[in-house]
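Just so it is clear: chains get the letters A, B, ... in the order the sequence lines come, proteins before strands, and each one is counted from 1.
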Protein chains: 2
Amino acid sequence: MDQSSANFRSHCPINYLLETIGDKWTLLIVRDLMFKGKHYFGEFLKSDEGISTNILTDRLNKLEDCGVVTKQIDADNATRQLYNLTSKGQSLLPVMLEITRWSAQFDELTNADKALVKLYEKDPQQVIEKIKSNW
Amino acid sequence: MDQSSANFRSHCPINYLLETIGDKWTLLIVRDLMFKGKHYFGEFLKSDEGISTNILTDRLNKLEDCGVVTKQIDADNATRQLYNLTSKGQSLLPVMLEITRWSAQFDELTNADKALVKLYEKDPQQVIEKIKSNW
DNA sequence: CTGTATCCTTAGGGATACTG
DNA sequence: CAGTATCCCTAAGGATACAG
């Protein structure tokens, strides 16, 4: 199904994000693709938040529907799919980094996240390039 | 109730935002406070998305609980509360601007939002100063 | 292991009545 | 008008069985 914003509650950019990827799970999958180098169903399943299999299937499909993620047969193992961010998904990077920076003020972070935020505040472009180089 | 992240699903900055203000309504209230100059219950009610009164009450209380919004008796009219962003709420500005910029690529925007995004991409600091000057 | 489907409980939230 | 409370229905999602 094509995800147009035609029947959204409003035409508002904040609302657009909320209605496409604004639930309690979707952005965690984006995070795993963007920062953790994950690409497979089983890898997403293993994340700390404990997503269940039916929800994961549903969100991966919705992410594909709204053009944030691609799905393709994995070349090395035809029984599974390889998930990747589209350019639309990749362009969420500044949003994700600003969310990280905001939360860092109030949440306990892992050392890896602390280092990320510190470097991002010092030299945002370097962080962006570094992350992009892993895609 | 104090909103600590102690019993969250994980310690992850993305998850922190999702569990504190990551539902389908909360960020719209933040938007109204941040960009639309709204400060009162009835003003939030009038937004295009059509939030209902019970949900609005609930979200305003949760925003207060997690330290994003303050509530105080309105000096001009003691029958209502005046809502404002705290510094924690104000520091969501870069997140909100990046969300707006992302959605602008895919959603139809109002002329006002188009102008905001255009100016933000040209001179982010100017946009930030301008918005802050309204707080 | 990669997903999908089903069952069932709970949380989200719309409509609306109600109080100050 | 500002805000709360209740009623009730639907969507979200956990557990888990199942198929390839």
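In this structure, the CG atom of A:N61 is 15 Å from the P atom of D:dA12, given to the nearest Å. Atom CG in B:D74 sits about 10 Å away from atom P in D:dA2, given to the nearest Å. At whole-Å resolution of the value, CD in A:E19 and P in D:dA11 are 14 Å apart. Atom C1' of nucleotide D:dT16 and atom CD1 of A:I55 are separated by 13 Å, given to the nearest angstrom. Atom CG in A:L45 sits roughly 13 Å away from atom P in D:dA15 (whole-Å rounding). For the pair B:L60 CG and D:dG3 P, the interatomic distance rounds to 8 Å; values are reported in whole Å. Rounded to whole Å, atom P of D:dA2 lies 16 Å from atom CG of B:N54. Taking atom CZ of residue B:R80 and atom P of nucleotide D:dG3, one finds them 9 Å apart after rounding to whole Å.
OP1 or OP2 of D:dG3 sits under 4.0 Å from a side-chain N or O of B:Y83. Within the 4.0 Å cut-off from OP1 or OP2 of D:dG13, not a single side-chain nitrogen or oxygen of A:S52 is found.
Relative orientation of the B:F106 and A:Y16 rings is parallel, given thresholds of 30° and 60° on the angle between their planes.
Projected onto DNA chain D by closest heavy-atom contact, B:K71 and A:W25 fall at different nucleotides, the more 5' of which corresponds to B:K71.
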Could you walk me through whether A:S91 and B:R101 pass side chain to side chain contact (heavy atoms under 4.5 Å, CB included), step by step? CA-CA 10 Å; A:S91 72; B:R101 197 158 82 95; over 6 Å; no
The test is salt bridge (Lys or Arg N to Asp or Glu O under 4.0 Å); show your working for B:E19 and B:R9 and say whether it passes. CA-CA 8 Å; B:E19 296 214 35; B:R9 297 177 292 186; 3.0 Å; yes
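Within the nucleic acid shown, A:T79 comes within 4.0 Å of sugar-phosphate atoms alone, with no base atom in reach, counting heavy atoms only. No contact: A:N77 has no heavy atom under 4.0 Å from any strand. Looking at heavy-atom distances under 4.0 Å, B:D58 makes no contact with the nucleic acid at all. B:F44 comes within contact range of no nucleotide atom at all, as no heavy-atom separation falls under 4.0 Å.
Closest approach of B:S103 to A:P13, counting heavy atoms only: OG-O, 2.8 Å. Minimum heavy-atom separation, A:I73 to A:Q81: N-OE1, 3.6 Å.
Counting 5' to 3', DNA chain C first comes under 4.0 angstrom of a heavy atom of chain B and last does so at the ends given by C:dG13 to C:dT16.
Other residues, nucleotides and ligands contribute only 12 or fewer heavy atoms inside 6.0 Å of the NZ atom of B:K118.
Within the 4.5 Å cutoff, side-chain heavy atoms of A:I14 are placed close to those of A:L18.
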